[in-house]
Amino acid sequence: QGAGLIYQIIFPIFSSIQNNSSRLKRGVLKSLGITFIFSLFFGLFIYKFSPILIELILGKEWLPMIPALNILIIFGILRPLISVGVALFDAVGQPNLTATVNLIKLIALVIFIFPLIHKFGIIGVAWAVVIAQIAVYPWFIVKLVKTLK
């Protein structure tokens with residue numbers, strides 16, 4: 001839900017400055033930086049304290065989920081950055097780019113999930129989700145740079 005909240009906050013701001021390219025560029029860069037820092041610190045917090053929190057809240061029987069959770073922390077750090085770009089694409093009238101982001105992630109997930117589940121079980125699922133998120137970044141960065149020019 002954090003990524004959705006980021007979008008809800010940033011989209012109206014980007015929409016209001018969409019015709020001022022220098023402000024929009026600064027806004028995107030600041031938003032990416034702030035989002036990355038918060039995501040990174042939250043991810044590190046979860047990584048550090050997940051054994052304690054899981055045992056306290058869910059019980060010892062849930063501790064085996066920690067390896068999968070640790071992999072999904074990578075997704076949690078990367079996902080909000082996409083939300084900043086999606087807000088930009090939508091704000092400047094390019095929602096087709098948002099659809100493409102989701103299509104690339106879906107295709108990558110379909111390609112990787114079944115072989116990784118078969119080989120690694122729940123850990124494979126976590127890696128498939130992370131790989132799908134990472135797979136969109138090369139295309140995403142190119143489109144982000146083009147949109148900001």
Side-chain angles (χ1 to χ4, degrees), residues 1-18 20-92 94-95 97-109 112-113 116-117 120-149:
Q1 289 297 29
L5 179 61
I6 291 166
Y7 178 91
Q8 290 175 350
I9 293 168
I10 294 174
F11 172 71
I13 296 168
F14 288 171
S15 293
S16 69
I17 61 172
Q18 66 177 306
N20 186 331
S21 62
S22 63
R23 284 185 69 200
L24 190 58
K25 197 178 292 187
R26 278 194 319 267
V28 168
L29 292 175
K30 284 181 182 178
S31 298
L32 285 169
I34 291 167
T35 301
F36 179 71
I37 288 168
F38 278 115
S39 298
L40 182 62
F41 281 120
F42 184 71
L44 291 173
F45 176 84
I46 296 296
Y47 179 78
K48 179 72 176 165
F49 295 105
S50 61
I52 297 165
L53 294 171
I54 289 171
E55 188 173 350
L56 183 67
I57 297 169
L58 300 173
K60 285 184 179 185
E61 64 273 8
W62 284 90
L63 289 175
M65 73 172 272
I66 291 175
L69 176 65
N70 288 341
I71 295 165
L72 290 172
I73 288 170
I74 300 167
F75 173 82
I77 292 169
L78 296 176
R79 172 64 178 97
L81 299 174
I82 294 288
S83 291
V84 172
V86 165
L88 171 68
F89 299 152
D90 289 350
V92 298
Q94 296 180 326
L97 297 180
T98 301
T100 305
V101 164
N102 292 323
L103 181 61
I104 291 169
K105 287 194 297 187
L106 176 63
I107 290 169
L109 187 61
F112 288 102
I113 197 161
L116 291 175
I117 284 174
F120 302 106
I122 190 84
I123 300 293
V125 173
W127 276 117
V129 169
V130 170
I131 291 167
Q133 185 67 37
I134 292 169
V136 79
Y137 268 93
W139 177 88
F140 173 77
I141 291 168
V142 168
K143 290 300 182 181
L144 192 64
V145 170
K146 282 184 181 180
T147 301
L148 289 173
K149 285 188 176 182

- Message: Is it the case that the side chain of Q18 and the backbone of S15 share a donor-acceptor pair, with hydrogens and angles ignored and the cut-off at 3.5 Å?
- Response: yes

Tell me, do [X] and [Y] make a side-chain contact under 4.5 Å, heavy atoms counted?
| X | Y | value |
| --- | --- | --- |
| V84 | Y7 | no |
| L109 | I131 | no |
| L116 | V125 | no |
| K105 | R79 | yes |
| V129 | I71 | no |
| W127 | I74 | yes |
| N70 | S50 | yes |
| I82 | L78 | no |

In Å, rounded to the nearest 0.5 Å, how long is the span from [atom1] of [X] to [atom2] of [Y]?
| X | Y | atom1 | atom2 | answer |
| --- | --- | --- | --- | --- |
| L58 | L63 | CG | CG | 9.0 Å |
| I46 | I66 | CD1 | CD1 | 11.0 Å |
| I54 | K60 | CD1 | NZ | 14.0 Å |
| T35 | L40 | OG1 | CG | 12.0 Å |
| R26 | I17 | CZ | CD1 | 8.0 Å |
| S83 | F11 | OG | CZ | 13.0 Å |

Taking all non-hydrogen atoms of both residues into account, name the closest pair between [X] and [Y] and its distance.
| X | Y | answer |
| --- | --- | --- |
| I6 | P80 | CD1-CB, 3.4 Å |
| P67 | I123 | CB-CD1, 3.5 Å |
| P95 | D90 | CA-OD1, 3.4 Å |
| F14 | A91 | CB-CB, 3.6 Å |
| A108 | A132 | CB-CA, 3.7 Å |

- Return yes when atom CD1 of I134 has more than 12 non-hydrogen atoms of other residues, nucleotides or ligands closer than 6.0 Å, and no otherwise. yes

- Message: For V136 and T100: C-alpha separation, side-chain torsions, deciding distance, then whether side chain to side chain contact (heavy atoms under 4.5 Å, CB included) applies.
- Response: CA-CA 9 Å; V136 79; T100 305; over 6 Å; no

- Task: Please step through side chain to side chain donor-acceptor pair (under 3.5 Å) for the pair S22 and N20, ending with a clear verdict.
- Result: CA-CA 6 Å; S22 63; N20 186 331; 3.1 Å; yes

- Message: Per the ring-ring contact (aromatic ring centres under 6.0 Å, His included) rule, what does the pair list look like for residues 46-76, sequence neighbours excluded?
- Response: F45-F49

- Message: With side chain to side chain contact (heavy atoms under 4.5 Å, CB included) as the criterion, how do L32 and L144 come out once you've worked through the C-alpha distance, each side chain's angles and the decisive distance to 0.1 Å?
- Response: CA-CA 11 Å; L32 285 169; L144 192 64; 4.0 Å; yes

- Pairing residues for K143 by the side chain to side chain contact (heavy atoms under 4.5 Å, CB included) criterion, not counting sequence neighbours: F89, L97, W139

- Item | Centroid-centroid distance, Y137 to F140, less than 6.0 Å | yes

